[in-house]
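The structure appears below as structure tokens.
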Amino acid sequence: MTKKLMKGAEAIGEAAIQAGCRLFFGYPITPQNEIPEYMSMRLPQVGGTFVQAESEVAASNMLYGASGTGERVMTSSSSPGISLMAEGISYLAGSELPVVIVSIMRAGPGLGGILPSQSDYLQTTKGMAHGDFRLLVLAPWSVQEAADLVQDAFDLADHYRNPVIVLGDGLIGQMMEPVEFAEDRQPIKELEPKTWAATGYTGERPRAIINSLYLDPEELERHNLRLKEKYDAIVRDEVRYSSYGTEEDYDVLIVAYGTVARVCYTAIEEFAEQGIHVGMVRPISLFPYPYDAVREAARRAKAVLVVELSTGQMIEDVRLAVGAERPIHFYSRVGGMLVSPEEVIEQTTAILEDREVIHG
Amino acid sequence: MTKKLMKGAEAIGEAAIQAGCRLFFGYPITPQNEIPEYMSMRLPQVGGTFVQAESEVAASNMLYGASGTGERVMTSSSSPGISLMAEGISYLAGSELPVVIVSIMRAGPGLGGILPSQSDYLQTTKGMAHGDFRLLVLAPWSVQEAADLVQDAFDLADHYRNPVIVLGDGLIGQMMEPVEFAEDRQPIKELEPKTWAATGYTGERPRAIINSLYLDPEELERHNLRLKEKYDAIVRDEVRYSSYGTEEDYDVLIVAYGTVARVCYTAIEEFAEQGIHVGMVRPISLFPYPYDAVREAARRAKAVLVVELSTGQMIEDVRLAVGAERPIHFYSRVGGMLVSPEEVIEQTTAILEDREVIHG
Amino acid sequence: MQNDVIMAGFGGQGILLIGKILAYAGMNDGKEVSWMPSYGPEMRGGTCNCTVVISDRPVGSPVIRSPRALLAMNLPALDKFEPRVRPGGVLLINSSLIDREAQRDDLRVILVPANEVANELGNPRAANLVALGAYIGATKAVPLDKVEDVVRESFAAKPKVVDVNLETLHRGYDIGTGAAVEEVPVEEGA
Amino acid sequence: MQNDVIMAGFGGQGILLIGKILAYAGMNDGKEVSWMPSYGPEMRGGTCNCTVVISDRPVGSPVIRSPRALLAMNLPALDKFEPRVRPGGVLLINSSLIDREAQRDDLRVILVPANEVANELGNPRAANLVALGAYIGATKAVPLDKVEDVVRESFAAKPKVVDVNLETLHRGYDIGTGAAVEEVPVEEGA
Amino acid sequence: MAETVFSRPQGLIDVTTHYCPGCTHGVIHRLVAEVIDELGVRERTVGIAPVGCSVLAYNYFNMDFHEASHGRAPAVATGIKRARPDLIVFTYQGDGDLASIGMSEIVHCANRGEKVTVVFVNNAIYGMTGGQMAPTTLPGQVATTCQLGRDVEATGHPIRVVELLSTLRTPAFIARASVHDPLLSINAKEMLRRAFRYQVENTCFSLVEILSTCPTNWGVPPAEATEWLARNMLPYYPLGVFKTPEGDDRAPRPNGS
Amino acid sequence: MAETVFSRPQGLIDVTTHYCPGCTHGVIHRLVAEVIDELGVRERTVGIAPVGCSVLAYNYFNMDFHEASHGRAPAVATGIKRARPDLIVFTYQGDGDLASIGMSEIVHCANRGEKVTVVFVNNAIYGMTGGQMAPTTLPGQVATTCQLGRDVEATGHPIRVVELLSTLRTPAFIARASVHDPLLSINAKEMLRRAFRYQVENTCFSLVEILSTCPTNWGVPPAEATEWLARNMLPYYPLGVFKTPEGDDRAPRPNGS
Amino acid sequence: MPQIIITPNACKGCELCVQACPQKILGMGKRINDKGYFYAEVVEQMRCIGCRLCCITCPDLAIDMRVNGTMYHYFSY
Amino acid sequence: MPQIIITPNACKGCELCVQACPQKILGMGKRINDKGYFYAEVVEQMRCIGCRLCCITCPDLAIDMRVNGTMYHYFSY
Ligand SMILES: Cc1ncc(C[n+]2csc(CCOP(=O)(O)OP(=O)(O)O)c2C)c(N)n1
Ligand SMILES: Cc1ncc(C[n+]2csc(CCOP(=O)(O)OP(=O)(O)O)c2C)c(N)n1
Ligand code: SF4
Ligand code: SF4
Ligand code: SF4
Ligand code: SF4
């Protein structure tokens, strides 16, 4: 299968279509407009449907209805738009509907700016909305990985009956890279028929009711505990990450995700050229978070450096993983500014020479 | 000043009015309807204005406009309604507008139920919406404290130019207890004149622009870092908690907040009657979280027991505080079910006898 | 020392009101008090209840799973809450509307013909006050005069009903106290 | 080995296009590539740029602060990016529209009269191809034939323009290579 | 040998509803179920319950059902219908749900011409949450958030949803009916019949607003509630058909004034 | 000695806007500023910028200004006006902002009769985000999310906001104007004058929809854009006054059909 | 001959049927059903004209109607 | 005598004024301003009737008008 040079946004759309997504509901917002634009053109070609919702609130509820019929559905948005979907996402999780949501982070808070950022990490991984629920969150660092994760996301969503968020930033959406789509891709999870879907009650199965309301607290408690079990299973089985430079010994471990990890990777290579070994763990699943991998990799280092495009969000998970065992340093650029390899090298060198690190 | 027996919801409304709140924008939702109902009656009596918004989305944006004029304004809602305010709250934080939001948690996710819960902890303290921002979060455990914290909330909001959330649950809203309002209450923070408010440009001051948009990433980065400094100041100066039974030595430390802490308090007293000492730290400010207090109190114990009405949310902050230093046990009821003193006693006893603890 | 009670019955029986009167009286007596109504699904269907706690220390949980006393104004209330009352606790049964006996034998059971008494006194809508009086008489949770004061206040608007209401309260009180010595054997005999 | 370049100029100059052609050629040459356009506020105002990275290892950051080469198609572009080019890097200046000299003396500077050349060839809208050719010639970032293939593909629709476009590309290429030996002294003399 | 001429439709499950005595939500449930039975589409119908007193409608209608978040039923309906155009999709919404928080969703659903049917129950109050003011609450009417009666100076006049939606250019069937009187219920059923038929024939979006009582929050006995409705709601909310897909544009023209 | 008969109003700061060449947002800015100057209320006016191409309006209007989240300007205006009734409050909103995501807020703001003025700029497209379909996009018109032209079967017909709002019972001034031709701009200014005057006199809510060009996303040179507007938009979006506080109810009546 | 069947435990005692009956042959009984409501009863079955207005009125489907033989339909429903 | 003053750097070269002028006395110049636009110029000041339509048309306030002495107003603005 030949490689194709594609914009991240288009690769994401094409990946969804190849994964069998036939319905897209979305509302324009920079920097991910190319996704709905691509879907509006491509979906009709494959017998699918594109609906430009009147708002993100409506989009999330259209998603709710469509996925309740058992179809594979997707939406995409960026920070302010994702916030508007909060209530809808809580309903999706409460009703256990499998949907894929592509979130392309831009700088905030409020209207903020439209340039890349990672400042929605805590929102996406911990506090998206009210109620006890969790979202599966996958963070690609390249266009190819974005395409792959989107396809996996549909399988994971169906398998767990849970919303899955593919979390990227403006770079992922805008950049072009070679992409390859496997011709005969197989689901990564075994998928049961969606007997729960509301498609008309003919009596062959119990009435299908797509619902998150449980007025009886004992019932709701049972529901909450069932959900909890599901999330525990996800934590057990779906952790994803990759490690770099960890085959050698290293003094500093870098933890970074998404496109920022690419920048760090460049830095690591430049260190390598000077014969200095620096390790990196790149979380790919942000929920479930690779706590063990980060902890063990950190134990092999003298210090940890967390690099993100936020004033300090993923670092909370690194703290949960590493605790007081190792000093945890932090470097970031925010507001749409990007971290450069040069800056990572400087910060890392400072730690190696244990100079005071200038926090971004 | 005489005590008055008041419903929590009414005490909250009255406290706001006595703190100088003259505008309320809200949308009905159980279990906090008595707050807007009280305000709709009382505000006109004091020359204020009550507006029943068409939705929580609108309410949060009305709040945005009104507080931009420098007036003291408030809204209240419950879980699904709070989720709908997510985008608006991010704008409020980004534009640094001082508002007070009363959030009465009910069980979720989705429509869930209307009975008490604490399952919006992570949302409220960490991930309410997109962008790097934090909210000041205060959690009362009694009607009197609810009234006091609401009044403090207005001072804190004005002082820090930041939204403040008073986070309660159905019990706080519905129960009646004696309340006392100080006649000559003084602000707890020195308050500067709101020269930033948009009240018409006469040339005496620079044009007032209430805004969170910064298209230039360098500007937005500066803005984000300024906000970060503000949050750091809040973390430094506004931590609130109280401790119980910590004057004695104890083997088990309970950490709980809100009405759940009252239940634990009853348990602690019953232990005391049997001559068994159990300690408790009750966080009152959830952001900033009393990490140090919890850590130090935990170090004096053999084990920690976290009790919440969620499948495990505040426990994350307890882990951040205690790390691996002490075993952290967890007990909870969810879905609107309540924890009883008997259950807390059983769990605590189990830890004391170190039996396997049945997790709720 | 803590007194707590669950008062439960139909919607229209004025349960929440006597709960508030009790809480007020406790507050005026310098005690710590809390009053917690039922809300949520169980309200639909017309049943209603409240929990009142009166204590000389700050009130812990305002919701009591196992109360020290139960005032059951109708059968569903008795069915639902009787099993939860603390051993040795007080069980007041509105015998006017409930014709079954108590199932627990570890409680101090007091039969209160609340509606009959209220009707006798030509104050039919005040069965709730009879019950309140009986609870006070049986538990002495608060001094009677404190309750009287609150009753006076609450009905200040219509003075003529104050006296009959106080009388109604007293009749209940006597049942409560008297009961403390007589009712139980009667109960056994029943 | 990595080649990276920032190509920058006005909106209408076909900068993003030659960036894509370069990336495609790199990909077809079996290299790892990335193409990153500018987006956001700077777009308003009609300036536009893209960063292309061609490497034999997976591409790290697709955004390059200090590129190994700069292709400046207009003055604002030169002003903005010249200071950022890596010491020893390549600086291609569209001398048709930019009449100032390079300020850095630690760069290999190549003056490309892109518009003149394109006009000469009666292919006025292809100044961007002249520039692309010059970049290839100067850096050998990808083999010329790979670029030719992509050009053929991209203009497959209108075959008659293919040849002139290829010629345009070659003229640029010669300037790039030739430049590699001559331009610099000329530059010094200028 | 006797024949049953009136009994529970197949479309309704044989359980007692949680609705208050005399609440006409029950009548509207029955009319909708009867129409669905008559059209023979029950087995391919998916209903959508709102957030409101009818939040539990899925316990009463004998068909697949969907919950929707408050006010968003039309968006949920859009999702279902776009995913499965073969299904018959209807929403059942109260006036707070549809006319307050859900205004944007209903306008856009109608304007997109989604081939769904909306049953809009207007009882001029928020029932489930305990009687707060609705956009449809009448001038002077008392509610818990306007305890002195709705003041049109401060809160504006009641919204007439049917009139509002009738101005949209996209073809639709839009009508208003009432069930406070059995003879009008018969007419209401006819309106619902037409609404669903337009969907079954895949013609257009359809909405029927049905005036309904809320004795509990109006604070009157059921029998008086029907009179209250006739006296107060009918004059402001005229019954009838406002727009048909065949009919012409109902939008007002500029009147130069 | 020469007298200046036309120059920049005080209400506009002397900076170049970020608007594309020929975009009539600039004309509308000027008209609004001129009216505010003429009424002498600039020092007590607070404007509200939308999310859209005019998001930076606060950099151009020489008065206190507010940002609003996308579509919520009418709610923000409500908050400001209720807090400070002495201020003159106006929102400046595009058609995506007001008619799509902001539909609920504009309907309820108008229906509450908030004493604010809404300047509604209808350019039949999403400008800022790069030319996606708006609720106001015309049938067949090409946009990046309907690249084959708007298909009314799938997306419905364009929404006519002025017609929709005119049906509300609450008194208001509602009109539509255009600025694609200088003589019509003169009329547009008159409409704005009336709208703001109604607010200054504390009479009612006022909204003026103004047809505007988006040469960039329509993909035509400015001079052709004005013709495109005249040819395509005017027939569907008639100009004129649709509702005045003095005038009578514009809601359609049931037509029995 | 139309016959009204009221299911006592389905009735919530709202009295709407009593109001609706043109013949005024329905009334509220003195007995309480399982839900605690005084439920409606047919007082004069004989005078029933089978108009079904009570059935149509009842929000709780507490009223069914059966007829022996044919019967005149006052309206189509 | 009306006088049109066009500020070159305020002009974005949209040509709307050229289109708007009833006397057709405005045209686009050959020179580029600081923003890179060919800006509008007055070609025949003499024939200007002072209608102000170009001023009203210009989205960028690039055109001011001054008059010496009094002048006839074709419309109130
Ligand atoms: C987002 C959100 N806001 C508010 C509520 C609370 N709520 C539940 S139902 C309701 C209004 C119900 O009134 P209506 O739609 O008129 O239906 P009715 O109960 O009168 O039949 C409200 C405000 C909610 N559940 N979710
Ligand atoms: C919640 C949210 N959703 C989407 C966006 C992206 N967005 C910015 S402007 C805009 C639409 C602008 O179009 P319009 O309102 O017609 O104004 P114009 O740019 O045409 O003047 C959109 C969708 C956003 N900023 N916030
Ligand atoms: S509250 Fe009103 S609408 Fe709700 S069930 Fe009762 S009567 Fe019906
Ligand atoms: S994109 Fe369109 S609306 Fe926006 S400034 Fe340019 S022409 Fe004006
Ligand atoms: S209408 Fe139905 S519910 Fe009401 S009284 Fe008659 S039978 Fe009973
Ligand atoms: S209208 Fe204004 S901007 Fe346009 S060409 Fe004329 S002077 Fe220049």
Side-chain angles (χ1 to χ4, degrees), chain A residues 7 9-10 13 22-45 47-62 75-88 104 106 108-114 170 173-174, chain F residues 48-58 65-73 75-76 94-107 125-137 141-156 158-159 161 164 217:
Chain A
K7 224 178 188 199
E10 293 168 4
R22 287 296 173 270
L23 291 125
F24 182 97
F25 305 91
Y27 189 75
I29 182 168
T30 310
Q32 60 82 58
N33 291 313
E34 296 81 357
I35 300 176
E37 285 166 8
Y38 185 84
M39 294 308 253
S40 72
M41 212 192 58
R42 272 291 273 139
L43 274 171
Q45 296 170 359
T49 303
F50 166 86
V51 177
Q52 182 172 318
E54 60 269 34
S55 71
E56 292 85 355
V57 171
S60 63
N61 286 281
M62 290 175 181
T75 189
S76 66
S77 189
S78 179
S79 308
I82 293 292
S83 291
L84 278 176
M85 295 186 184
E87 188 203 21
I104 304 296
R106 55 188 252 181
L111 193 48
I114 63 179
Q174 297 297 321
Chain F
I48 299 156
V51 179
C53 278
S54 40
V55 68
L56 295 175
Y58 52 76
F65 239 79
H66 238 284
E67 157 206 74
S69 58
H70 190 32
R72 320 303 177 189
V76 173
D95 45 5
D97 191 73
L98 182 141
S100 188
I101 193 170
M103 179 57 76
S104 184
E105 284 71 22
I106 191 61
V107 168
I125 198 120
Y126 283 11
M128 186 190 217
T129 41
Q132 296 81 9
M133 185 184 79
T136 49
T137 296
Q141 182 183 341
V142 170
T144 56
T145 48
C146 54
Q147 298 175 32
L148 307 177
R150 179 176 186 162
D151 170 7
V152 296
E153 281 310 308
T155 64
I159 291 182
V161 170
L164 188 83
N217 288 299

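Per chain, numbering begins at 1; letters A, B, ... match sequence-line order. As the structure is a prediction and not an experimental result, all values here were calculated from the model.
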* Asked: Without hydrogens or angle criteria, can the side chains of Q132(F) and T129(F) be said to hold a donor-acceptor pair below 3.5 Å?
  -> yes
* Asked: Heavy-atom distance under 4.5 Å to chain A: side chain of T144(F), backbone, both or neither?
  -> both
* Asked: When you look at T155(F) and R150(F), which way does the side chain to side chain donor-acceptor pair (under 3.5 Å) test go after all the steps?
  -> CA-CA 7 Å; T155(F) 64; R150(F) 179 176 186 162; 3.1 Å; yes
* State whether a side-chain donor-acceptor pair under 3.5 Å links Q32(A) with S76(A). => yes
* Asked: Taking M41(A), E56(A), M39(A) one by one, which has the highest count of heavy-atom pairs under 4.5 Å against chain F?
  -> M41(A)
* At a heavy-atom separation under 4.5 Å, does Y38(A) approach chain F through its side chain, its backbone, both, or neither? -> neither
* **Side-chain (Q52(A)) to main-chain (M133(F)) donor-acceptor, under 3.5 angstrom** => yes
